[in-house]
Asker: 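A single structure is presented below for examination.
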2 protein chains.
Amino acid sequence: MSSRDDLRLASGPGAEVTSRLGYLLKHAQLQLGELTSAALAPYGLSGRELAVLLSLAGGEPASQQEAAQRLGVDRTTMVALLDALEAKGLVTRHPHAGDRRRNVVELTPAGQQTMRAATEASDDAERRFLAPLTGQAAGQLRAALQLLVTP
Amino acid sequence: MSSRDDLRLASGPGAEVTSRLGYLLKHAQLQLGELTSAALAPYGLSGRELAVLLSLAGGEPASQQEAAQRLGVDRTTMVALLDALEAKGLVTRHPHAGDRRRNVVELTPAGQQTMRAATEASDDAERRFLAPLTGQAAGQLRAALQLLVTP
DNA sequence: TATTGTTATACTCTATAACTATA
DNA sequence: TATAGTTATAGAGTATAACAATA
């Protein structure tokens, strides 16, 4: 079932569920995810793959482990994500000079270009998702989530 | 990896990812989910199962299909959820009098009692999750999510 | 023909355990 | 011994397709 077919007025039957925070967070994520997936499709990227590119672009060149930590996924999960991005020519893996256990992961020029274009598309999806809110309310939402997620 | 091991200051490396709305929603949901799971464990319920109980308790007795729609899951997903709740003695299924294709699903007395206690535990988990926010900010967060999720 | 519940199946995301190569 | 990357595997959660019973 798509995440849009199931929504109803908060005063109807089941309002006890649909007003709970867990429900709201889950369905907000589902809806944003649908918009983002559609927006990124022309670039052949998933939202998770764009997140990997962004985590690699910010700061120092990173090992796979560091990239995984930045994103909040397991290092075993990062392997498959990087396999896909490497196959698309968007990232490269090289052994670290001083510690050959590590792979230094970097964006290729194509990866940087794709990341920039895909980020704009993703930003646009965010804007459309947040359209029901005033600019102030959208800013407060983001700030509140930052506070909750950042320890 | 747990969802708490990966968090860092928003100004550090990877800030481009960790300040995106999709990341914030995902990790907010993960953190609340952990708190909720722990809070519900003494009742032998998952968050999804409590959601099913709540969706059944609100309004008229529902068919499985209606329960699935209230919750926003597929009717095939609802089958397994109800199997588990029925095995625990928390819900019953009876053929609908006027339309025997349908199962009327209702909470047993044990189901109602468990639902009430588990809801209190879940509410407490929500309060702890929202503790970093002022009461006003928490209310605004909930209202904003309602607006985004309700069409 | 259409709908409800069900089953079988598959796909995504994720983590744990164990392997390897390096340190 | 410990760590980084990898592989195999398993477990949620989810949906699609097809079936039986019923409308």
Side-chain angles (χ1 to χ4, degrees), chain A residues 1-6 22-23 25-27 29-31 33-34 36-37 40 45-52 56 61-87 91-105, chain B residues 1-6 22-23 25-27 29-31 33-34 36-37 40-41 45-52 61-87 91-105:
Chain A
M1 172 186 281
S2 98
S3 71
R4 270 196 340 278
D5 300 337
D6 59 297
Y23 179 96
L25 287 172
K26 172 181 175 177
H27 286 261
Q29 203 198 329
L30 281 172
Q31 287 184 39
E34 280 184 17
T36 302
S37 293
L40 294 184
L45 279 187
S46 68
R48 311 177 63 235
E49 290 174 332
L50 174 57
V52 175
L56 292 172
S63 70
Q64 297 189 191
Q65 181 114 248
E66 289 163 345
Q69 285 165 353
R70 288 181 189 178
L71 206 60
V73 301
D74 197 81
R75 73 193 209 268
T76 62
T77 302
M78 183 56 63
V79 173
L81 285 168
L82 291 176
D83 285 347
L85 291 171
E86 194 177 36
V91 305
T92 56
R93 294 192 250 211
H94 299 295
H96 186 282
D99 182 350
R100 283 184 313 197
R101 292 173 303 181
R102 304 188 181 206
N103 273 344
V104 177
V105 187
Chain B
M1 173 186 285
S2 99
S3 70
R4 273 197 335 280
D5 300 337
D6 59 295
Y23 178 95
L25 287 172
K26 172 181 177 179
H27 287 262
Q29 202 197 331
L30 280 172
Q31 287 184 40
E34 279 185 16
T36 302
S37 292
L40 295 183
L45 280 186
S46 68
R48 310 179 63 237
E49 290 174 332
L50 175 57
V52 174
S63 70
Q64 296 189 193
Q65 180 113 250
E66 289 164 344
Q69 286 167 351
R70 288 180 189 177
L71 205 61
V73 300
D74 197 83
R75 72 192 209 270
T76 63
T77 302
M78 183 56 62
V79 173
L81 284 168
L82 290 176
D83 284 349
L85 291 171
E86 194 177 34
V91 305
T92 57
R93 295 193 248 211
H94 299 294
H96 186 283
D99 182 350
R100 284 184 313 195
R101 292 173 303 184
R102 303 187 181 207
N103 274 345
V104 177
V105 187

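Side chains are part of it too, since the values below use all heavy atoms of this structure and drop only hydrogens, waters and symmetry mates. Every chain is numbered from 1, with letters handed out A, B, ... down the list of sequences.
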Asker: Over how many whole Å does the gap from A:R93 atom CZ to D:dA4 atom P extend?
Answerer: 16 Å

Asker: Which heavy-atom pair separates A:L85 from A:E49 by the least distance, and what is that distance?
Answerer: CD2-CB, 3.8 Å

Asker: For residues 80-87 of chain B, which residues have at least one heavy atom under 4.0 Å from DNA chain C?
Answerer: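 DNA chain C contact set from residues 80-87 of chain B: none.
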
Asker: Roughly how far apart are B:M78 CE and B:L71 CG, rounded to 0.5 Å?
Answerer: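 Answer rounded to 0.5 Å: 5.0 Å.
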
Asker: In whole Å, what is the span from the CG atom of A:L71 to the P atom of C:dC13?
Answerer: 12 Å

Asker: Just one of A:D83, A:T77, A:V79 clears the side chain to side chain contact (heavy atoms under 4.5 Å, CB included) bar with A:L81, so which one?
Answerer: A:T77

Asker: From B:H94 NE2 over to B:N103 CG, what is the distance, rounded to the nearest 0.5 angstrom?
Answerer: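 So the NE2 of B:H94 and the CG of B:N103 are separated by 9.5 Å.
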
Asker: Which value, rounded to the nearest 0.5 Å, describes the distance between A:H96 atom NE2 and A:Q64 atom CD?
Answerer: 13.0 Å

Asker: Send over the distance from B:Q64 CD to C:dT3 C1', rounded to a whole Å.
Answerer: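 That distance rounds to 13 Å.
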
Asker: So for A:T76 and C:dT14, does any side-chain atom that can act as donor or acceptor lie under 3.5 Å from a complementary atom in the base?
Answerer: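 Counting by modelled atom types and ignoring angles, no donor-acceptor contact under 3.5 Å is found here.
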
Asker: Take B:K26 and B:E66, find for each the nucleotide of DNA chain C with the closest heavy atom, and name the residue whose nucleotide sits nearer the 5' end.
Answerer: B:E66

Asker: Could you tell me how far apart B:E34 (CD) and C:dA15 (P) are, to the nearest whole angstrom?
Answerer: 10 Å

Asker: Kindly determine whether A:E66 and A:V105 satisfy side chain to side chain contact (heavy atoms under 4.5 Å, CB included), including the steps that lead there.
Answerer: CA-CA 10 Å; A:E66 289 163 345; A:V105 187; over 6 Å; no

Asker: Working to the nearest 0.5 angstrom, can you tell me the gap between A:L30 CG and A:L25 CG?
Answerer: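 Reported to 0.5 Å precision, the distance equals 11.0 Å.
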
Asker: Please write out the pairs of protein N or O atoms and N or O atoms of nucleotides 21-23 of chain D separated by less than 3.5 Å, giving the distance to one decimal.
Answerer:
unit_1 : atom_1 : unit_2 : atom_2 : d
D:dA23 : OP1    : B:R100 : N      : 3.0

Asker: Locate the shortest heavy-atom distance separating B:A67 from B:A62; write the atom from each residue and the value.
Answerer: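 Minimum heavy-atom separation between B:A67 and B:A62: N-CB, 4.2 Å.
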
Asker: Looking only at heavy atoms, which two atoms of A:L82 and A:V52 are closest? And how far apart?
Answerer: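 Result for this residue pair: CD2-CG1, 4.0 Å.
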
Asker: Just compare C:dT14, D:dT14, C:dT16 and give me whichever is closest to any side-chain atom of A:D74.
Answerer: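 Nucleotide nearest to A:D74's side chain: C:dT16.
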
Asker: Select one nucleotide: of D:dA4, D:dT6, D:dT16, the one nearest the side-chain heavy atoms of A:Q65.
Answerer: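 Ranking D:dA4, D:dT6, D:dT16 by closest atom to the A:Q65 side chain puts D:dA4 first.
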
Asker: Can you check whether B:R75 has a side-chain N or O nearer than 4.0 Å to OP1 or OP2 of C:dT7?
Answerer: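 Answer is no, no contact under 4.0 Å.
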
Asker: Starting from C1' on C:dT7, measure out to CE on B:M78 and report it in whole angstrom.
Answerer: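 Answer to the nearest Å: 17 Å.
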
